[in-house]
Enquirer: 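Structure provided below as structure tokens; questions to follow.
One is the number of the first residue; the rest follow in order along the sequence. Keep in mind that the numbers below use all heavy atoms, side chains included, and drop hydrogens, waters and symmetry copies.
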Amino acid sequence: MNPNYLIHDEIYAQVKNAGLAGWGGNERMARESEFIDRVFSINDVPTAGKLLELGCGEGHFSRRFAQLGYEVTGVDISATAIQWAKEKSLSMKIPGQFYVADLTQPPLEFLESYDVIIDGNCLHCIIGDDRQTFLHLVYTLLASDGVFFVSSLCAKDDQNHYISKAGFAYRHIPSVNHLLAELSSVGFDVLSVNVYEREQYNHITVHLKNKHLAPKSLSQVSSLAFYHLIAIPVLAFSLGMFLCCNRHFYLQ
């Protein structure tokens, strides 16, 4: 079953027109401290730097992270949500950059390297092969010493489940084992896992880092390329000439 990610824009329009604070209603928005506490439940999370929220909606958590001192960027597929986020950020005088983006369709030129990447309950909205595209994008955006925080629905059993809406795939609800294997296959190392019991489906949070450290900047990549492609061959040639000349001298 194919997804229709733009259905989220229709829902955001309904939420905004109803006068609610954000996705899930006022009650969910009031539980912000629970989400923030889960993000900072381990010491590995950088306490400053650039932070990217995936599926930021109207920017509720992005604004909270900005107040904590992060340089925040929020992305969402819903144009309604992003316009709402910009309006709230402006009216509350809280800095932040917000962009409409389909995270399953890279490259996204406005994105850069981030110290913290937050999955704002976005991953369980990504369906099928798009999940690998989404996770590979996150992997490339995460700084070498950064942390990726996943907040997702998960199954109570060891099976993957799906929810449909209006004839389209709406939610992917993986088993815990499947989700961890999926994250590991992309190249993430798991730092912590917490599962929270819910009535129908459970909820899981996972902290991750990239397995392989990579150069942080293009200049570092260029330096490495110069070293391997030019410097090493030149040194090898020079050493070869030295040995050859000395061999000729001793033979005389």
Enquirer: Is it the case that atom CG in D129 sees more than 12 heavy atoms from other parts of the structure closer than 6.0 Å?
Expert: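 For D129, atom CG is not crowded (no more than 12 foreign heavy atoms under 6.0 Å).
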
Enquirer: Going by distance alone, is a donor N or O of one side chain under 3.5 Å from an acceptor N or O of the other, for K211 and S184?
Expert: yes

Enquirer: Taking all non-hydrogen atoms of both residues, which atom of G59 and which atom of F98 are closest, and how far apart?
Expert: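 Looks like CA-CE2, 4.1 Å.
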
Enquirer: Report yes or no: do N177 and D158 form a side-chain donor-acceptor pair below 3.5 Å?
Expert: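 N177 vs D158: donor-acceptor pair found between side chains.
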
Enquirer: Tell me whether K86 forms a cation-pi arrangement with W84, defined as NZ or CZ under 6.0 Å from the six-membered ring centre and within 45 degrees of its axis.
Expert: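 Output no; distance or angle outside limits.
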
Enquirer: How far apart are the closest heavy atoms of F148 and L54, and which atoms are they?
Expert: CE1-CD1, 4.2 Å

Enquirer: Identify which one of I117, D115, V116 satisfies the side-chain contact (heavy atoms from CB on, under 4.5 Å) criterion when paired with L142.
Expert: I117

Enquirer: Can you name the nearest heavy-atom pair linking F110 to A101, along with the distance?
Expert: CZ-CB, 3.7 Å

Enquirer: Side chains of S192 and H207: donor-acceptor distance under 3.5 Å anywhere?
Expert: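 Result is yes, a qualifying pair exists.
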
Enquirer: Between E53 and R64, does the salt bridge (charged side-chain N to carboxylate O under 4.0 Å, His left out) criterion hold? Intermediate values first, please.
Expert: CA-CA 11 Å; E53 185 182 3; R64 185 72 185 97; over 6 Å; no

Enquirer: How long is the span from the CD1 atom in I94 to the OG atom in S89, to the nearest 0.5 Å?
Expert: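 It comes to 6.5 Å.
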
Enquirer: State whether a side-chain donor-acceptor pair under 3.5 Å links D102 with T104.
Expert: yes

Enquirer: In this structure, are over 12 heavy atoms from other groups packed under 6.0 Å from D157 atom CG?
Expert: yes

Enquirer: How long is the straight-line distance from CD1 of I77 back to CD1 of I126, given to the nearest 0.5 Å?
Expert: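 Reported value, rounded in 0.5 Å steps: 7.5 Å.
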
Enquirer: Mind listing the closest non-hydrogen atom pair of L137 and L103 along with its distance?
Expert: CD2-O, 3.6 Å

Enquirer: Nearest 0.5 angstrom please: K16 NZ to W23 CH2, how far?
Expert: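 Here the rounded value is 15.0 Å.
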
Enquirer: With salt bridge (charged side-chain N to carboxylate O under 4.0 Å, His left out) as the criterion, how do K165 and E10 come out once you've worked through the C-alpha distance, each side chain's angles and the decisive distance to 0.1 Å?
Expert: CA-CA 12 Å; K165 195 178 188 73; E10 299 173 17; over 6 Å; no

Enquirer: For residues S151 and H203, is any side-chain donor paired with an opposing acceptor at under 3.5 Å?
Expert: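 Side chains of S151 and H203: pair found under 3.5 Å.
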
Enquirer: Would D130 and Y5 count as having a side-chain donor-acceptor pair, cut-off 3.5 Å?
Expert: yes

Enquirer: Whether R38 engages the ring of Y196 as a cation-pi pair (distance to the six-membered ring centre under 6.0 angstrom, angle to the ring normal within 45°) should be assessed.
Expert: yes

Enquirer: If I compare all heavy atoms of E199 with all of K156, which pair ends up nearest, and what's the gap?
Expert: O-CE, 3.2 Å

Enquirer: Once rounded to the nearest 0.5 Å, what's the spacing between atom CD of Q67 and atom OG of S62?
Expert: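 Reported value, rounded in 0.5 Å steps: 11.5 Å.
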
